[in-house]
K.L.:
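Before I ask anything, let me first share the structure, which is written out below as structure tokens.
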2 protein chains.
Amino acid sequence: MHSRLINPADLNFLLYDVLKVDELCKFPRFNEHGRETFDATIETAYSIASDWFAPCAAKLDENEPEFVDGKVTMIPEVAAALQQYYDAGFGAATHDYELGGMQLPFSVSVACKAIFGAANMPVLSYPSLTNANANVIRNFGSDEQKRLYLQPLLNGRFMGTMALTEPQAGSSLSDIKTQATCAEDGTYRLKGNKIFISGGDHELSENIIHLVLARTQGAPDGVKGLSLFIVPKFLVNDDGSLGERNDVNLAGLIHKMGWRGTTSTMLKFGEKDGAVGYLIGEPNRGLLYMFQMMNEARIGVGVGAVSQGYTSYLHTLDYARNRPQGRHPHEKDPQSPQIPLTEHADIKRMLLAAKSYAEGGLYLSLYGATLADTHAHCADPEAAKRAGTLLDILTPILKSWPSKYCLEANSIAIQVHGGYGYTREYPVERFYRDNRLNPIHEGTEGIQAMDLLGRKVSMQDGLPYTLLSEEILSTVQACQAEPQLAEFANSLLQRKAKLDATTQTIVAAMQASKSNLALANATPYLHAFGHIVMAWLWLRQAQVAVLAINTETGSDRTLLLQGKLAACRYFFRYELPQVDAALELVQSLDDTCFELESSCL
Amino acid sequence: MHSRLINPADLNFLLYDVLKVDELCKFPRFNEHGRETFDATIETAYSIASDWFAPCAAKLDENEPEFVDGKVTMIPEVAAALQQYYDAGFGAATHDYELGGMQLPFSVSVACKAIFGAANMPVLSYPSLTNANANVIRNFGSDEQKRLYLQPLLNGRFMGTMALTEPQAGSSLSDIKTQATCAEDGTYRLKGNKIFISGGDHELSENIIHLVLARTQGAPDGVKGLSLFIVPKFLVNDDGSLGERNDVNLAGLIHKMGWRGTTSTMLKFGEKDGAVGYLIGEPNRGLLYMFQMMNEARIGVGVGAVSQGYTSYLHTLDYARNRPQGRHPHEKDPQSPQIPLTEHADIKRMLLAAKSYAEGGLYLSLYGATLADTHAHCADPEAAKRAGTLLDILTPILKSWPSKYCLEANSIAIQVHGGYGYTREYPVERFYRDNRLNPIHEGTEGIQAMDLLGRKVSMQDGLPYTLLSEEILSTVQACQAEPQLAEFANSLLQRKAKLDATTQTIVAAMQASKSNLALANATPYLHAFGHIVMAWLWLRQAQVAVLAINTETGSDRTLLLQGKLAACRYFFRYELPQVDAALELVQSLDDTCFELESSCL
């Protein structure tokens, strides 16, 4: 069962051979850890995911939460699974020992997230959102706020939400209208409507702590006038016990194509006298606080997408190995036995594609997480800064690439299953439905593209781009000397040069007051950029695999390592060349979309 | 409401300006028709689709057919919609006047299919399958069989299925096991299990006529031993009345991700004494009969995919025009009003992509249908033959291209809607689920690729390829002289030359006993081939649009025509260049997939 969530041998390869996460234990924060504690944590995650999360995934999808008699009901397996999760300490995995946390690296928690997400993403979403919420309070809340909310958010007694979106303000947070009025005691009263609030109501915890973006009276327009408030469902007394019900109410549940086990809610704040809210930090800095958590949140979306793509790949591989269907084209004898699907070249093509997306995406997510760990905890300030800068430019890729390509892996999974894959008897259609959310939430693909081209590529005079280039070229140089990899290293070098030229052109256009035209090319630029990053990461995996093949004789992981080389080859032959057309388009500063009169659509 | 199914102005443009379907009336079979009768038929289709098909689409999706007390129940709106459909004569649209048919061109019926499919594909599937069934009986059945079954199949008293697939024989029809034993009276008794039989049971008609592929005793192995049988649910007496229940039973309904209103069934033939079946034509020619209907069936799948992509595009355009969200990148004043989604360059990019897929796919389907009409009914045998040959090579594209790209249009529709598009409050998620079937059934994408490369490209010493080349080059030459289009004509010419070179290489490899390696490249070849065909069809639309713009002053369809030019430009800038990477891969006879040891996946 483990092996249909995330392949443990692959996870080990990525964590220890490629990323060497055990070296994170040199950082003071992690110095009580070592590979043993990481492995034990991961093993526990596999157990709970297999025994408690996966078994109820299909049932939860078929029996989505309902709003009955003023309460949200859902199948009891969800609470039972979460109980296991919190009992094992995953609710506080990365948090301080003093708070009951395990003080684990974020990268190890991301590995666990991949495992839990592969088993049941909707169930995982409740503690994931709660953890994101807790991180904001930990980083920006007052001591009093931390005392009242942090511990219960980490042990599952409370859960949390992020309440940003409003009916008229989706991607455009600037247009948030929820109002917060200061009361005499310094608390606030909020009035407004929020929509698409995941986990916005349920009975899984004693209390729900909403983090709400709202505008104080007289605040500036736009995003610079947004403040962040703690708005609990039940007010919390000074001793931590629950007080009266706050004026925040469920206006309705939203029914989705997938991800059905996670309640998506419309919430009304302040139907009566106003919902009591507590300002976090200073006024008008709400979005800033949210955005300081954004890198990790976007890695979270990325690895969520990976988990769906990865498990669907493993389910499909298992199916394809065991499903006899058809014969090789040259075999004309109908009495010869049918061969397994995996023996057909076109099925191999699809499986290689899915493997390159899923395993590549997992590496991308884990790599991003090690950058976050290094940024936050490395004792060497230069190294920490460098990691943070790399993380900045990679964040749009960390979010968007798995969201796009692991969804494609889900589609491939259906295709390889054939008619069976389209039925609800097999889980692959559910993964496909669940994963379709990821290109939308936490900043759409278009928003990621604008972030990359409009901000990240040119910030700090191009330093993030320069640092990333150094990393890529370092791998290229090492691999040019390796006969099995030289072809790929040279191919990557060639595309990287094209990306450099295109980047120069488009950044120059941005600076020459053609920014609207330049940004009209942001999405093809994002796609090309992402595929080049992924080609680099596949080359890096292949580099480590070649080394291991050459040094490990009689290894029990020869197939794993050969598989890495095959997927790398697939990626360089089938995927990377696609960037040429996109880069040429962007390089030409194409104005097809920019100039289009929308009335002729 | 019409305008959210298929844009009538576009349909007119394609049918009359581009394809000149009114000229089909020169063929003897259609000489009582003219544009008036075509238009009246299409208008009726719009009415019934809008008034009866579309209103129950969401309800049917939410309330899928159930198997209760031995019967299949479904919402009554389905039968009511079908009553309208049959009453208006659509069940026999293309059939002879003597049979109560309208003797319409297939191309006009395909236009109607796009309209009905856009409104409610699952409801349309019942008469569509029935019509396919009736066509087989009309072409290959005995006079007695035609007398008993044809008329009721055309007027909706009976409905029909195609029962090919078995649990162990999906794409591999060679492995069909259902047995047919000849009885003393010359009828047969069938025993076997069929799966994924759409419309295999329901109460929408008095009777259900299954066309079943089975093997007679002593028949050769493989596809050459398959015979085709009529197996009615209720035996039909000589006077046409219903006799006793036949030995064919519903073993269960299959629950699907989408297309939920169409029952997908497991059927057991011959649980007792054997299901009574009547041989069609000669023994062992069953697949041949089926395949002679295949070109039209595959156009049917293609236009079904188009209908889903097209209506989702129109729904999305409507949403995007009316949804204010955000501002232009240069607009820093948060008090300025939000602009409609359609004003954002990246949204325009997505809408142009969807438009090019949907409208391009519709043209492709209609063009294929006119080839079928010409092939079947043109009085000039040379012209008829030429059309048939073109249809042969285009059939894999007609089926696979819309299945892939109109599904992508559905995904774009969700993306443009943002969070709303992921909810079941908007229809676009349903279109996405429904359309995911099309790349699977009636020959998967991989099967289409094998058909194109393994058969169509090299058949008749390459004649189909040569004829298609002539058609493409003729458009290219005409457009090279047109300043607005010369860039695109030259771009197409360049890619066509690459396709020629790649085709030569790969056909040579096929003939040099490297056919397995060559066929391992079939899918990227299909993709490149399809996109080149579509670029040609977009250039052709632009050619007609330029002519119309130049000749029609003050036309009320200026926006339509400008839109055609914009979509053509999009296709040539964003889409066509993607073929270079695919053609280069195929040209190199890449062996990544062919050589892969599947054990290292």
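Heavy atoms only: backbone and side chains are in, while hydrogens, waters and symmetry mates are out. Below, read A as the first sequence line, B as the second, and so on, with proteins coming before strands; counting in each chain starts at 1.
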K.L.:
Who among B:Leu407, B:Asp590, B:Ile254 has the most heavy-atom pairs with chain A under 4.5 Å?
P.N.:
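Of B:Leu407, B:Asp590, B:Ile254, B:Asp590 has the most heavy-atom pairs under 4.5 Å with chain A.
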K.L.:
Heavy atoms only, distances under 4.5 angstrom: which of B:Glu584, B:Arg321, B:Gln578 has the most pairs with chain A? Name it, please.
P.N.:
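Most heavy-atom pairs under 4.5 Å with chain A: B:Arg321.
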K.L.:
I'd like to verify something: which residue of A:Ala566, A:Pro167, A:Pro340 has the highest number of heavy-atom pairs under 4.5 Å with chain B?
P.N.:
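Looking at each of A:Ala566, A:Pro167, A:Pro340 in turn, A:Pro167 comes out on top.
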K.L.:
Are A:Cys593 and B:Tyr574 packed together at the side-chain level, in the sense that at least one heavy-atom pair is separated by less than 4.5 angstrom?
P.N.:
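They are in side-chain contact.
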K.L.:
Mind checking ring-ring contact (aromatic ring centres under 6.0 Å, His included) for B:Tyr420 and listing every partner two or more places apart, or none if nothing turns up?
P.N.:
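So B:Tyr420 forms a ring-ring contact (aromatic ring centres under 6.0 Å, His included) with A:Phe196, B:Tyr426.
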K.L.:
In terms of heavy-atom pairs under 4.5 Å, which option from B:Gly326, B:Gly419, B:Pro220 contacts chain A the most?
P.N.:
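The candidate making the most pairs under 4.5 Å is B:Gly419.
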K.L.:
Heavy-atom distance under 4.5 Å between the side chains of A:Gln562 and B:Glu597, does that happen here?
P.N.:
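Not touching, per the 4.5 Å side-chain cut-off.
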K.L.:
Is any side-chain heavy atom of A:Ser588 closer than 4.5 Å to one of B:Arg573?
P.N.:
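Counting from C-beta outward, B:Arg573 and A:Ser588 never come under 4.5 Å.
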K.L.:
Which atom pair, heavy atoms only, marks the closest approach of A:Ser171 to B:Gln325?
P.N.:
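So the two residues come closest at N-OE1, 3.1 Å.
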K.L.:
Heavy-atom distance under 4.5 Å to chain A: side chain of B:Ile347, backbone, both or neither?
P.N.:
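It is neither, since no heavy atom gets under 4.5 Å.
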K.L.:
Distance alone, cut at 3.5 Å: any donor-acceptor contact between the side chains of B:Arg436 and A:Ser411?
P.N.:
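Present: a donor and an acceptor within the cut-off.
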K.L.:
Would a 4.5 Å heavy-atom cut-off, applied to side chains only, mark A:Leu596 and B:Leu352 as touching?
P.N.:
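Yes, their side chains come closer than 4.5 Å.
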K.L.:
Measuring from B:Lys355:NZ to A:Leu601:CG, what's the distance to the nearest 0.5 Å?
P.N.:
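Between B:Lys355 NZ and A:Leu601 CG, I get 6.0 Å after rounding to 0.5 Å.
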K.L.:
Tell me, for A:Leu585 versus chain B, whether the close heavy atoms (under 4.5 Å) come from the side chain, the backbone, both or neither.
P.N.:
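Contact with chain B involves the side chain of A:Leu585 alone.
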K.L.:
For B:Arg260, which atoms come within 4.5 Å of any heavy atom of chain A: side chain, backbone, both, or neither?
P.N.:
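Just its side chain gets close to chain A.
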K.L.:
In terms of heavy-atom pairs under 4.5 Å with chain A, which of B:Glu425, B:Arg433, B:His344 leads?
P.N.:
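Highest number of pairs under 4.5 Å: B:Arg433.
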K.L.:
Just so I understand: if I count every heavy-atom pair under 4.5 Å between each of A:Gln335, A:His330, A:Gln415, A:Lys564 and chain B, which residue has the most?
P.N.:
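Most pairs with chain B among the choices: A:Gln415.
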K.L.:
Give the member of B:Leu317, B:Leu519, B:Thr423, B:Leu437 that has the highest number of heavy-atom pairs under 4.5 Å with chain A.
P.N.:
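Greatest number of close heavy-atom pairs with chain A: B:Leu437.
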K.L.:
Can you tell me which of B:Ala522, B:Ser513, B:Gly222, B:Ser598 forms the most heavy-atom pairs within a distance under 4.5 Å of chain A?
P.N.:
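Result: the option with the highest number of such pairs is B:Ser598.
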K.L.:
Taking atom CG of A:Asn438 and atom OH of B:Tyr422, what is their separation to the nearest 0.5 Å?
P.N.:
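With rounding to 0.5 Å, CG (A:Asn438) is 8.0 Å from OH (B:Tyr422).
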K.L.:
For chain B, which candidate among A:Leu173, A:Ile440, A:Thr444 shows the most heavy-atom pairs at distances under 4.5 Å?
P.N.:
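Option with the greatest count: A:Ile440.
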K.L.:
Output yes when A:Arg424 and B:Glu64 qualify as a salt bridge under the 4.0 Å nitrogen-oxygen rule, no when they do not.
P.N.:
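Yes, A:Arg424 and B:Glu64 are salt-bridged.
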K.L.:
For the residue pair B:Arg569 and A:Asp591, establish whether any side-chain heavy-atom pair is separated by less than 4.5 Å.
P.N.:
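Yes; the side chains approach each other to less than 4.5 Å.
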K.L.:
Between chain B and each of A:Ala520, A:Pro577, A:Gly170, count heavy-atom pairs under 4.5 Å; write down the option with the most.
P.N.:
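Sorted descending by pairs with chain B, the first entry is A:Gly170.
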K.L.:
Determine whether A:Met350 and B:Thr523 make a side-chain contact, defined as any pair of heavy atoms from C-beta on separated by less than 4.5 Å.
P.N.:
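No - every pair of side-chain heavy atoms lies 4.5 Å or more apart.
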K.L.:
Which residue out of A:His328, A:Arg323, A:Glu445 racks up the most heavy-atom pairs below 4.5 Å with chain B?
P.N.:
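With the most close heavy-atom pairs to chain B, the winner is A:Arg323.
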K.L.:
With a 4.5 Å limit on heavy-atom distance, are the side chains of B:Met450 and A:Pro329 in contact?
P.N.:
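A side-chain contact exists here, since the closest heavy-atom pair is under 4.5 Å.
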K.L.:
In the structure I gave you, are the side-chain heavy atoms of B:Gln168 and A:Pro324 within less than 4.5 Å of one another anywhere?
P.N.:
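A side-chain contact under 4.5 Å is absent here.
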K.L.:
Under 4.5 Å, counting heavy-atom pairs only, tell me which of A:Arg349, A:Glu595, A:Glu359, A:His441 racks up the most with chain B.
P.N.:
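Going by pairs under 4.5 Å, I would pick A:Arg349.
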K.L.:
With no hydrogens and no angle check, is any side-chain donor or acceptor of B:Glu429 less than 3.5 Å from a backbone partner on A:Lys256?
P.N.:
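No; judged by distance alone, with no hydrogens or angles, the pair does not exist.
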K.L.:
Which residues pass the side chain to side chain contact (heavy atoms under 4.5 Å, CB included) test with B:Asp175, not counting sequence neighbours?
P.N.:
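A:Arg327, A:Gln338, B:Ala169, B:Ser172.
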K.L.:
For residues B:Ser174 and A:Pro334, report the shortest heavy-atom separation together with the two atoms involved.
P.N.:
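Heavy-atom minimum between the residues: OG-CB, 3.6 Å.
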K.L.:
Quick check on B:Asp346 against chain A: is it the side chain, the backbone, both or neither that has a heavy atom closer than 4.5 Å?
P.N.:
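Side chain of B:Asp346 only, per the 4.5 Å heavy-atom cut-off to chain A.
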